[in-house]
Amino acid sequence: MADTIESTQTPTFVREITKMSEDFDRWYTDVVRKAELADYSPVRGCMVVRPYGYAIWEHIQRAFDDMIKSSGHENWYFPLLIPESFLAREAEHVEGFTPEVAWVTEAGKHGRLEERLAIRPTSESIIGGTVGRYIQSHRDLPVLLNQWCNVVRWEMRTRLFLRTAEFLWQEGHTFHATAQEAMDEVDLILEYYRRIAEDWLAIPVLVGRKSETEKFAGAVYSKSIEAMMRDGLALQAGTSHYFGQNFSQAYGISFTAHDNRREYCYTTSWGISTRLVGGLVMAHGDDAGLVLPPRVAPVQAVVVPIFRDAEGREHVRRFVETWQDLIRDAGVRLRVDWSEERPGEKFNRWELKGVPLRLEVGPRDVEANQVMLVDRLSRERRPLPVAGLADRLQEELDRFQIRLFERALEFRRRNTYEFATLAELVAHFREGTGFAWAPWCGRDECEARVKEETGGVTTRNFEPDVPAQGTCLVCGRPARWRVAFGRSY
RNA sequence: CGGGCGGUGGCUCAGUCCGGGAGAGCGCCUGGUUUGGGACCAGGAGAUCGGCGGUUCGAAUCCGCCCCGCCCGACCA
């Protein structure tokens, strides 16, 4: 286990999940299942997303959808099934994906199909092959489209949310008249992804370009956001690709320019997936379970009533009813837990589910016209008067969001290193994890050497516009970039 | 896809070696007593023992094939 994980805060109340420090992978699966985010299904590698997990995804969807709509993107829907002949047109692309494509080869009484149909692993081919028809003139450009859908990739080793055979995502595909405009689009979306990760999920990310070997099959270049999980491993959390004219040439997507010359479009594609939900778990969780950033938390504050008997219950109920709707009307996602369990059970349940704020309301609080506020990070109790409660909760949620981000940032800072030589980097990754920055010449072979000598450490990304100091950690040639290395999911 | 381990009530697991009664704790239901960090008492429900086939008078247990999960490697958002 990495020494990067903070030791558990005491006391520990949770009994149903493996400790993070004991076995991070089991901890993760336990949290996902016990917090009711998702569960296994009868089909290998496929998952059931439960309402609590889906609600998080819906918040992410809403946030991102609003962003892209604001810059003129529109949602479309393309078929799940893609004819093999479509998929096959871009050579590098096919080669990259065929190992994990699932095929439909027969259908009911129709029997065997003349042409087998791929279940989309991604939709560049069907979209490229279709949208070309709608593009004739430079006046038709840009086409800025997106779709929210599921895709299937027949993965070998699967894990809930992180790598499943079927997952939910958005895939954006855009078509431009100039290379510059397409490249700007790639950066615009990357900035949206950064905001989703940092501002909404409270997960700090490295924003940069992928190496040649790590880029998307068929892309000229790929950019990504890379997050650090609490076991020190990297998670690629979103990608944005520039295709140049690779796809438009393969799929015949061209337009007539101002000067009446026929030209191929410059295209991009970009995606984020339900993987982000898994990232959320691993970036913020602790031994008690989930810790959710308020902006995507299905429940932002939970009220736990405390009473002795039916009369006391009624007493508390009347009190809570005087203000609960005011809180909700102010936009706080408030849940009042009137279930039969004892307070202690409720505390643990809602901590496991990562609810940022808890309001304990007992007889003493009714008398004092207050609630007891406990936050998921510090677990400290303090009284909050009912007067102005909605505003105070909103402030607390905003603060929680920031604290969570800063905690993650601090964690990343403590687990980020800087090395000048391969020997240092290899020594570090023998036991250690985290991100390691190092100067790099940019050549595949040096990258491959690092991967080999460390047993799997790869480049995550780099800032292409920032020139590197010094010499390549492997070959000693002048460095081109300062690149982040890490083990990844 | 290779190597290893596992699948028994909702959950965690015993039982499998050595064939014959399907079990425990937790959870669930009912009643009572409780309620500021996972209470207690009494009663009760709940199982295709992962699936299919075989051996046997008889299979959770032995044999074969398959499915799912976990760990370790090669491939990936």
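From a predicted model like this one, the values you see are computed outputs, not experimental measurements. Proteins get letters first, then strands, A, B, ... in listed order; numbering begins at 1 in each.
- Residues of residues 37-62 of chain A that place a heavy atom closer than 4.0 Å to RNA chain B, in numerical order, are A/Y40, A/P42, A/R44, A/G45.
- Comparing B/C76, B/G36, B/C71 by their nearest atom to the side chain of A/D25 picks out B/C71.
- In this structure, A/R153 is positioned above the aromatic face of A/W169, its NZ or CZ under 6.0 Å from the six-membered ring centre and within 45° of the axis.
- In this structure, A/R26 reaches neither bases nor backbone, as no heavy-atom distance under 4.0 Å exists between it and the strands shown.
- Pairing partner, B/C49: none, since no Watson-Crick or wobble contact has both distances short of 3.5 Å.
- With distances taken from any side-chain atom of A/R379 to the nucleotides B/C72, B/G37, B/G38, the minimum falls on B/G37.
- Pairs engaging residues 192-229 of chain A under the ring pair (Phe, Tyr, Trp, His ring centres under 6.0 Å) rule: A/F64-A/Y193, A/H93-A/F216, A/F97-A/F216, A/F216-A/H241, A/F216-A/F243, A/Y221-A/Y242 [sequence neighbours left out].
- Between A/D309 and A/R313 no salt bridge is recorded (no basic side-chain N to carboxylate O distance below 4.0 Å).
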Give each protein N/O atom lying under 3.5 Å from an N/O atom of nucleotides 30-32 of chain B, with the pair distance.
none

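- For the pairing with A/E226, the salt bridge (Lys or Arg N to Asp or Glu O under 4.0 Å) check across A/K210, A/R487, A/R194 returns one residue only, A/K210.
- Here, B/C41 and B/C26 have their P atoms 9 Å apart, quoted to the whole Å.
- The partner of B/A14, taking Watson-Crick or G-U wobble pairs whose two distances both stay under 3.5 Å, does not exist in any strand shown.
- A/G271 comes within 4.0 angstrom of nothing in the nucleic acid, heavy atoms only.
- The side chain of A/E360 approaches B/G36 more closely than any other nucleotide in the set B/G36, B/C1, B/G38.
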